[in-house]
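Shown next, in structure tokens, is the structure this report addresses.
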Protein chains: 2
Amino acid sequence: MVKPDCEKILGKLREQRSRITPQRRRVLEILCETDGHISASEIYDQVQAHNPQVNLSTIYRILEWLESAGVVTRSDLGEGHVIYELAARGMHHHLVCDRCGTIIEVGDDILDPLRKLLLERYGFQAEIKHLAIHGLCDSCRPRGG
Amino acid sequence: MVKPDCEKILGKLREQRSRITPQRRRVLEILCETDGHISASEIYDQVQAHNPQVNLSTIYRILEWLESAGVVTRSDLGEGHVIYELAARGMHHHLVCDRCGTIIEVGDDILDPLRKLLLERYGFQAEIKHLAIHGLCDSCRPRGG
DNA sequence: CTCCGTGCAAAGGCTTTGCACACTC
DNA sequence: GAGTGTGCAAAGCCTTTGCACGGAG
């Protein structure tokens, strides 16, 4: 996957008459540098490392702004986990380990059999946007023994 | 579906040396009377109607206790929605038509292919408790042609 | 120079916890 | 009577909001 061009996104946002502040630029950079998902507090921690004066509420406001601009997607995985990621990265879903908290990213095609089954049995055309599947990851699941 | 026998469940809990208080009995009754899922605060409201002195923290403690006893299942749907439901009702999920609002209840086995795929590809043991799948029902979905 | 965006602090919504009293068994 | 469960109040966690200042355009 090509690393999204941060400056290109900033350019589009500027065209929408949004003000580009150092905070907004920094959050967007972090999102672009991150492979996959990231939480608000993780972004906050990264910003804090070099700019300790930045406030967590600003992070939330910037994320809300980026979401409304269609730049990032927000997924509430339940159990207090909310993750953000660049919309440009394409459709995928998350496996959440309820024991160790690991989050595994899976492609959208994993849902093809389910979609097919729902259509065959119920004539239901599923439009699953972002799914969080809870369970136990390979390290945490009980082994037959 | 047969209405779960509240007294039968209470009997089992008594056997487990749990104390049956009026609060616990009332919460269980409400769960048995409810078709489908219910939230902690909805239970609280119902209890309050006749027993205003009961505290919300008690509801949470009772639900936690019922969950650990395997009597109810708890599902965090995200966005602050947490629902509880009698485990005896059997696992099911909901298809929600975004156009006409129809809700179709589907058996848990619909997810078997997905579970199998997740285990094969990622070693992930999915424990999908309650899934709400949005989309379009048979009457509302676009037909080819 | 005009407003929008930010820092700060406080509050909000849901849930959990510490404590002493009350009640079940 | 022994020990668990409850009511109350406070705190915890994540997130949002009100306000005045500061910086972007």
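Every chain is numbered from 1 and lettered A, B, ... according to where its sequence line falls, protein lines coming before strand lines.
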Practice task
Give the cluster check for L10(B) versus W65(B): same hydrophobic cluster or not, with ILVMFWY residues linked at side-chain heavy-atom distances below 4.5 Å.
Solution key: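 Yes, because L10(B) and W65(B) connect within a single hydrophobic cluster, where side-chain heavy atoms sit under 4.5 Å apart.
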Atom pair distance, as rounded to whole Å: [atom1] in [X] and [atom2] in [N]:
X      : N       : atom1 : atom2 : answer
E79(A) : dC14(D) : CD    : P     : 13 Å
E64(B) : dC14(C) : CD    : C1'   : 14 Å
R25(B) : dG5(D)  : CZ    : P     : 15 Å
L63(B) : dT6(D)  : CG    : C1'   : 15 Å
R24(B) : dT4(D)  : CZ    : P     : 11 Å
E67(A) : dT16(D) : CD    : P     : 10 Å
D76(A) : dT16(D) : CG    : P     : 11 Å
I62(B) : dT4(D)  : CD1   : P     : 17 Å

Exercise for the section: Starting from Watson-Crick (N1-N3 plus N6-O4 or O6-N4) and G-U wobble pairs under 3.5 Å, report the runs of at least three that DNA chain D belongs to. Expected result: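 Stem list for DNA chain D: C:1-25 with D:1-25.
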Practice task
Please work out if Q23(B) contacts a base, only the sugar-phosphate, or nothing of the nucleic acid, heavy-atom cut-off 4.0 Å.
Solution key: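 If one applies the 4.0 Å heavy-atom cut-off, Q23(B) turns out to touch the sugar-phosphate alone, with no base involved.
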Ignoring hydrogens and geometry, is there a side-chain-to-backbone donor-acceptor pair from [X] to [Y] under 3.5 Å?
X      : Y      : result
Q23(B) : I59(B) : no
D76(B) : E79(A) : yes
R24(A) : R19(A) : yes

Problem - Within 6.0 angstrom of R99(A) CZ, more than 12 heavy atoms from elsewhere - result: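 Atom CZ in R99(A) is not crowded, with 12 or fewer foreign heavy atoms closer than 6.0 Å.
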Exercise for the section: Ignoring hydrogens and angles, answer whether the base of dG7(C) and the side-chain atoms of R61(A) contain a donor-acceptor pair closer than 3.5 Å. Expected result: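 Yes, a donor-acceptor pair under 3.5 Å.
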Looking at [X] and [Y], does any basic side-chain N land under 4.0 Å from a carboxylate oxygen?
X       : Y       : value
E15(B)  : K12(B)  : no
R121(B) : D138(A) : no
R115(A) : D109(A) : no

Practice task
Would you mind telling me which of V72(B), L86(B), I30(B) makes a side chain to side chain contact (heavy atoms under 4.5 Å, CB included) with I38(B)?
Solution key: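 With I38(B) as partner, V72(B), L86(B), I30(B) yield a single side chain to side chain contact (heavy atoms under 4.5 Å, CB included), made by I30(B).
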Practice task
Walk me through it: do E29(A) and R26(A) pass the test salt bridge (charged side-chain N to carboxylate O under 4.0 Å, His left out)?
Solution key: CA-CA 5 Å; E29(A) 280 172 6; R26(A) 186 78 195 93; 3.1 Å; yes
Practice task
Have a look at E85(B) and tell me which of R74(B), H92(B), H37(B) forms a side-chain hydrogen bond (donor to acceptor under 3.5 Å, both in side chains) with it.
Solution key: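 So the option named by the test is H92(B).
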Please list each protein N or O that sits under 3.5 Å from an N or O in nucleotides 20-25 of chain D, with the distance.
{"unit_1": "dG23(D)", "atom_1": "N2", "unit_2": "R19(A)", "atom_2": "NH1", "d": "2.7"}
{"unit_1": "dG25(D)", "atom_1": "OP1", "unit_2": "I20(A)", "atom_2": "N", "d": "3.0"}

Problem - Strand contacts (DNA chain D) in residues 50-57 of chain A, 4.0 angstrom heavy-atom criterion - result: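 The answer is L56(A), S57(A).
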